Structure formats: C-alpha cells, structure tokens
J.: 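One structure coming up, written as structure tokens, with questions to follow.
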Amino acid sequence: MTKTIVANFKMNGSREFISTYFEHLVAATNNTVVICPPFPYLDQVNQCLSQRSFANVYLGAQNCYGEVSGAFTGETSASMLADIGCQYVILGHSERRLLRSETSEVVRQKVFQAWQANLIPIICVGESLQQRQEGIAKQLISSQLKASIPEKISPQHAYLIAYEPIWAIGTGLTAIQNDIETMHQFIRSHPMGKNVPILYGGSVNGDNAQHILSYKNVDGVLVGGASLKIHEFNRIISR
Ligand code: PGA
C-alpha cells in the first residue's frame with residue numbers, strides 16, 4: 001500500500017543545500033512524498049520538483065496563518081502557499097504548540113484556512129513524557145484531535161493526522177511498536193481519525209523507517225532530522 005512520507009526540514013537549509021538535495025533525491029518511489037522546507041525556499045523546491053518532474057513528490061509548508069489576509073505582519077496565508085505551488089501544510093507541530101504557544105483552537109483556524117485554499121493539512125498531535133507517565137496521553141490526544149480539526153464542510157476537505165510523541169522528537173528515542181500501534185488504533189477509532197491517513201513522527205531514520213511503516217494503522221511517517229540527510233531520506237522513501 002502507498003505510504004506518505006513527509007520531510008520536515010524545520011529551520012534548516014540554504015539555496016545551496018536545496019539544489020544539492022534535489023540533484024540526489026531518488027526520482028522513482030511508490031510512496032507519496034511531501035517536502036516541507038522553510039518558507040524562503042518553497043519556490044526553489046517547487047522549481048526543482050518541476051525541473052526533474054518527480055512523480056509522487058509534492059510541496060508542503062511548515063505553517064500558515066489563521067486569517068485570509070490583512071494587517072498581520074510577518075505572517076503567510078494559506079492561499080499564498082497554494083499560489084506558489086504548495087499542496088500540503090504541516091499544522092499544530094508540537095514545536096509550535098510549545099514554543100509559539102499555539103493552542104488547538106488556533107490550529108483549528110489554520111486548518112480551516114488551509115481547506116479554504118485547497119491545501120491538505122497534516123495535523124500534528126502528541127503527548128509529553130510527563131503526560132504519558134501520568135496516564136493521560138489518550139485523553140490529551142483525543143482533546144487535541146477534537147479541538148484542532150473543524151467539522152468537514154465538504155468531502156473534498158482532506159487531512160492527515162501525524163501522531164508525534166513529544167519525547168520521541170529529535171531525541172533518538174523512537175516509540176516502541178506497541179505504543180505506536182496502540183495510539184494509532186486509538187486515533188483510528190476517534191471520530192476525527194476515521195478514514196484518515198495516520199502518520200507516525202519522532203526519531204524516524206533510515207534504519208527504523210521500513211519497520212515502522214509496516215506497523216498496523218501506520219500510513220506514513222513524518223521525518224525531521226533524518227530528512228536533511230539526502231542519502232538517508234532516499235532509503236526512507238525507496239520501497
Ligand atoms: P525528528 O522530528 O524526526 O527529528 O524526531 C520529527 C518532527 O518533529 O516532525
């Protein structure tokens with residue numbers, strides 16, 4: 001089955017990095033691949049994608065604003081992202097929830113704007129280590145899903161959910177199979193998780209990706225650090 005592999009470059013890269021990256025990206029993959037560079041490089045990545053006419057590789061952004069347009073200095077609207085060729089946008093990443101105090105209500109507005117612009121949001125949810133130890137992980141994920149995702153107004157309003165336990169992001173500590181399958185099953189049974197691709201994120205790399213992609217209810221992976229190393233990322237997307 002086709003899986004979705006998302007590369008989240010976070011705040012990394014340069015023009016030179018991007019051009020070398022796309023010289024080496026493998027062209028043929030059975031997976032859907034979404035590359036999410038920082039805003040200044042979206043157009044460059046878009047051009048690289050059209051120059052080498054990659055099949056199944058799409059452009060995504062790492063954020064958008066929750067309003068259509070106006071006096072919002074420094075912000076970028078969903079329609080601007082669509083205008084320059086984005087098809088996807090990552091929303092509600094834990095780094096934004098924690099570092100930018102983004103609440104699920106803010107994420108919900110952004111998801112709504114993404115839909116208005118015909119973008120596909122990749123909506124991130126995940127618990128901290130403390131919340132897991134306190135036994136409230138499922139409760140938290142459930143409320144994040146409920147509050148971050150508006151009721152679909154049209155069947156065309158597609159989205160993906162990325163389950164990213166915060167303690168596994170950038171730490172080298174991947175969640176174990178049982179934890180991932182249990183949480184993905186829980187998300188699948190949630191009203192917001194029915195018939196929606198559910199991705200796992202958190203220290204996915206070239207060595208563990210194929211294994212994780214074979215787990216039940218794992219429809220793809222969201223890759224941070226390892227997506228910056230092109231040869232490692234090629235291993236993740238080639239199946
Ligand atoms: P990581 O990041 O792969 O570096 O753990 C994943 C993410 O934050 O999306």
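Computed over heavy atoms, backbone and side chain alike; hydrogens, waters and symmetry mates excluded. Order of listing sets the numbers, starting from 1, for every ligand and every atom in it. Because the structure is a prediction, the values reported are computed rather than measured.
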J.: Side chains of Cys86 and Leu119: does their closest heavy-atom pair fall under 4.5 Å?
T.: yes
J.: Give the atoms of ligand 1, by number and element, whose distance to some non-hydrogen atom of Ala168 is under 4.0 Å.
T.: 5 (O)
J.: Which of the atoms in ligand 1, numbered in the order shown and given with their element, are less than 4.0 Å from a heavy-atom of Asn8?
T.: 9 (O)
J.: Is it the case that the side chains of Gln131 and Ser128 hold a donor-acceptor pair, with the cut-off being a distance below 3.5 Å and no angle test?
T.: yes
J.: Could you tell me whether Glu127 and Arg132 have a side-chain N and a carboxylate O separated by less than 4.0 Å?
T.: yes
J.: So among Asn31, Ile35, Thr32, which one has a side chain to side chain contact (heavy atoms under 4.5 Å, CB included) with Ile5?
T.: Asn31
J.: Can you sort out which atoms of ligand 1 are near Gly170, meaning under 4.0 Å from one of its heavy atoms?
T.: 1 (P), 4 (O), 5 (O)
J.: Just to confirm my output: which protein heavy-atom neighbour is closest to atom 2 (O) of ligand 1, and how far is it?
T.: Lys10 NZ, 3.3 Å
J.: With a cut-off of 4.0 Å, which atoms of ligand 1 are near a heavy atom of Gly202?
T.: 5 (O)
J.: Among all protein heavy atoms in this structure, tell me which lies nearest to atom 3 (O) of ligand 1, with the distance rounded to 0.1 Å.
T.: Gly224 N, 2.8 Å
J.: Without hydrogens or angle criteria, can the side chains of Asn30 and Lys3 be said to hold a donor-acceptor pair below 3.5 Å?
T.: no
J.: How far is atom 4 (O) of ligand 1 from its nearest protein heavy atom, and which residue and atom is that?
T.: Gly225 N, 2.8 Å
J.: What residue and heavy atom of the protein are closest to atom 9 (O) of ligand 1, and at what distance?
T.: Glu164 OE2, 2.7 Å
J.: Between ligand 1 and Thr171, is the shortest N or O to N or O distance under 3.5 Å?
T.: no
J.: Classify the ring geometry of Phe17 against Phe9: parallel below 30°, tilted from 30° to 60°, perpendicular beyond 60°.
T.: perpendicular
J.: Does any N or O of ligand 1 fall below 3.5 Å from an N or O anywhere on Ile169, backbone included?
T.: no
J.: Give, for atom OH of Tyr159 and atom CH2 of Trp115, the distance between the pair rounded to the nearest 0.5 Å.
T.: 6.5 Å
